Trainee: 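Questions regarding the structure given below will be posed in turn.
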Amino acid sequence: MNKKIKIYLYLILGFAFLWSCSDVADIDDYKEFVKGGEINYTEKVDSLKAFSGRNRIKIQGIVDADPKIKSFRVYWNSMKDSVVVPVTRTTGVDTLEVIINDISENIYNFEVRTFDGLGNTSIPQYTTGEVYGERYQSSLYNRPVIGNELIGSNLTVNYANMDRTTGVLGTEMEYTSVNSSELQEIFVPIDSTQAQIEDYTSGSEYRYRTVFLPEPTSIDTFYTEYKSFIPEAKLTDPPYFVNATYPFEKLESGDRWGTPAGWIHNEAALSHSGYGALDGDIFDLESGWNEPDLLNAKVYQTFVLPAGTYVYSIDIKELNYEGADNNLDKGYFTVAEGATLPDVDDVETSTATLASERINKSNGLQRDLIFTLDETTQVSIGVQTTNNQGAGRYLKINSFSLDKFTQAPYLKNASKPYQLASSGSRWGTPEYWIHNDAAMSHNDNGSQGAYDGKSKTWDLESGWEQPNIVNGKVYQTVFLDAGTYDYQIELFATNYSGTRSDTDQAYFIVAKGSTLPDVADVETSDQSIVYDRVDSDKGNSISMTFTLTEPTRVSIGAETTNKDGVGLYLQVNSFKLIKQ
């Protein structure tokens, strides 16, 4: 026989022998496996998921077909650990879940099987989940704060960005409200880089912590430790009050009554169905005429002011408060130290009160309260009333203002070299000086006025192909204590002829109030305190003396009219105001 054929024959016989042995073994195994009857499998868990937590994890899945399921079992740590959970089946889809507590921080593979009452089990299902703990907690940090800005009761907190993969959600803040003195909580989401609080109690601390969720489906939230901070109040810049003049801007309003923006209100002031202190567009604390009484209503703003003497001024449109004349009402204009006003009943005795005046129609429509601060101080300034007698009362106010008494040298940027707010190729505009539109007559890189770059002087100049100046006013406004003052001007040059000619009009002037009278009215206006008509024959040194018998807001400067097209200039080296 061919040698190759013999080899093939042996191989075939060998495979046949192995096959027969295998068949015998499989038959024996099968008989052993099915001994006692056919195997019954319970329904496997579907949609198996793991939800991470802090030293715990939730395992969840569903079953919907097998009514015989009595329990399910979760294995982990290579089946060394497990938990059995009873199941009460319904006729529909049932959710199977268990929270495994007290489990170490790690990543785990979980095996889940269902069981019936006879111990029959399902095909295993698998899922992986992560447990978080102290290791993850120690990696968390508070969201960095870039800066705090506190102006009055308005606090702005600016935050840095953070790595979103850490699971950061945002920051929780707790602070004390100036309106209620109660602790308030806000949440700043990670998408926001700024928190703005309008009722912060200056001088108090806020605390904050950052919130994390390791995974979007985690069952536990992680927090950093609270960190506390006391923001330093920023000095309030002039004009100090915001939204302090008619028409007042509304924060919110109803059909008639409203609430002014920028003001702090206690709940008692919001007596008109949750609104208060505005009647239409005018500031008004009103009660009676079927409106609720006002009981200790406070409306105010809070400032941080440097040392100095100040005047709080109120311009009243109309009122019918009678004050101490009959005690049907009790209202005050008040300045108080701190982040709020004292209660109405305590205004006259409180150590916080720096200045106050009981509101009475007999006192007149212009009220001024003067107070002095020896150091940088937080103050609250506003109005407060109680009218619990049912009498109809109204207090309509046109405007509020706060001015600091001006200290020597009184006038800013008042001598060469003048600082410029803006400039062109030749003409400019000196900083700190108030200009009406007529004074901004030089169209040189925008409107410019009151500075000549050629002579480098303060200059009201017209003609020589420059526009005429008609009623041009340039001045500064200061608040002066009672006393005698000298207003001194050192001219560089002028060709105004003043009293020798009617072709031009120019004045150096001191006037009451926050502006100057018109040029044509200077010599007759009750506003004018002292003035001097500019005339080149008078020389280059001008001096005017005036006396104030009480603290007064005055405007000081110069004004000109040249409507005939003649070339005229008024060039000034320096202005001075000196108290004798």
Side-chain angles (χ1 to χ4, degrees), residues 149-157 173-189 192 194-202 206 236 239-303 314-319 321 331-334 339-341 343-344 359 380-388 392-402:
E149 184 177 75
L150 178 60
I151 302 175
S153 61
N154 294 295
L155 173 63
T156 301
V157 183
M173 284 185 62
E174 291 182 349
Y175 71 96
T176 302
S177 170
V178 71
N179 291 332
S180 63
S181 298
E182 295 179 354
L183 199 64
Q184 305 292 322
E185 184 177 294
I186 64 171
F187 180 76
V188 185
S192 300
Q194 191 176 84
Q196 292 184 317
I197 299 171
E198 296 181 350
D199 60 341
Y200 188 82
T201 301
S202 184
Y206 71 80
T236 311
Y240 307 112
F241 276 108
V242 297
N243 188 32
T245 303
Y246 175 85
F248 288 82
E249 178 185 350
K250 297 179 180 68
L251 174 66
E252 53 188 4
S253 63
D255 294 335
R256 173 183 174 182
W257 306 103
T259 305
W263 291 77
I264 301 169
H265 318 76
N266 68 351
E267 291 185 10
L270 304 179
S271 60
H272 302 287
S273 300
Y275 306 115
L278 280 185
D279 180 359
D281 294 330
I282 195 164
F283 190 102
D284 183 18
L285 281 171
E286 186 164 323
S287 56
W289 298 288
N290 297 319
E291 294 292 338
D293 291 341
L294 292 172
L295 305 176
N296 195 37
K298 306 178 186 181
V299 187
Y300 58 98
Q301 294 187 31
T302 300
F303 315 98
I314 307 99
D315 179 13
I316 304 168
K317 180 180 180 181
E318 56 181 333
L319 78 163
Y321 277 69
Y332 292 91
F333 299 116
T334 309
T340 187
L341 299 180
D343 290 343
V344 170
I359 300 169
S380 295
I381 304 177
V383 58
Q384 52 196 137
T385 70
T386 284
N387 172 29
N388 58 0
R393 288 290 183 263
Y394 56 85
L395 173 62
K396 299 180 186 294
I397 297 176
N398 291 321
S399 66
F400 302 85
S401 63
L402 180 65

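No experiment lies behind these values; they were computed from the predicted model shown.
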Trainee: Applying side chain to side chain contact (heavy atoms under 4.5 Å, CB included), name anything that partners L251, two or more places apart in sequence or on another chain.
Mentor: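 Here the qualifying residues are T259, A261.
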
Trainee: In terms of side-chain heavy atoms, does D279 have a donor or acceptor partner in Y394 at a distance below 3.5 Å?
Mentor: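 There is no such pair (donor and acceptor under 3.5 Å, judged by atom type) between the side chains of D279 and Y394.
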
Trainee: Which pair of heavy atoms, one from L294 and one from A297, lies closest together, and at what distance?
Mentor: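 Nearest heavy atoms, L294 then A297: CD2-CB, 4.1 Å.
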
Trainee: Do S177 and Q184 have side chains that approach each other closer than 4.5 Å (heavy atoms only, starting at C-beta)?
Mentor: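 They are in contact (side-chain heavy atoms under 4.5 Å apart), so the answer is yes.
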
Trainee: Are any side-chain N or O atoms of S153 and backbone N or O atoms of E198, one a donor and one an acceptor, separated by less than 3.5 Å?
Mentor: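 Yes, S153 side chain to E198 backbone: donor-acceptor pair under 3.5 Å.
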
Trainee: Holding to ring-ring contact (aromatic ring centres under 6.0 Å, His included), I want the full list of residues that pass it with Y321, two or more places apart in sequence or in another chain.
Mentor: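 For Y321, no residue satisfies ring-ring contact (aromatic ring centres under 6.0 Å, His included) once neighbours in sequence are set aside.
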
Trainee: Enumerate the residue pairs fulfilling salt bridge (Lys or Arg N to Asp or Glu O under 4.0 Å) with a member in residues 293-302, sequence neighbours excluded, ordered by first and then second residue.
Mentor: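 Listed once each, the pairs are K298-D343.
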
Trainee: In terms of side-chain heavy atoms, does N387 have a donor or acceptor partner in S287 at a distance below 3.5 Å?
Mentor: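 Side-chain D/A pair, N387 to S287: present.
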
Trainee: Could you check whether any side-chain N or O of H272 sits under 3.5 Å from a backbone N or O of L270, counting only pairs where one atom can act as donor and the other as acceptor?
Mentor: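 The answer is no, because no donor-acceptor pair under 3.5 Å joins these two groups.
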
Trainee: Working to the nearest 0.5 Å, report the span between CZ of F333 and CZ of F400.
Mentor: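 Going from the CZ atom of F333 to the CZ atom of F400 covers 6.5 Å.
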
Trainee: State the CD-OG1 distance between Q194 and T156, to the nearest 0.5 angstrom.
Mentor: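 Interatomic distance, Q194 CD to T156 OG1, rounded to 0.5 Å: 5.0 Å.
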
Trainee: Knowing that exactly one of K250, K396, R256 qualifies, which makes a salt bridge (charged side-chain N to carboxylate O under 4.0 Å, His left out) with D281?
Mentor: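 Filter result, single survivor: K250.
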
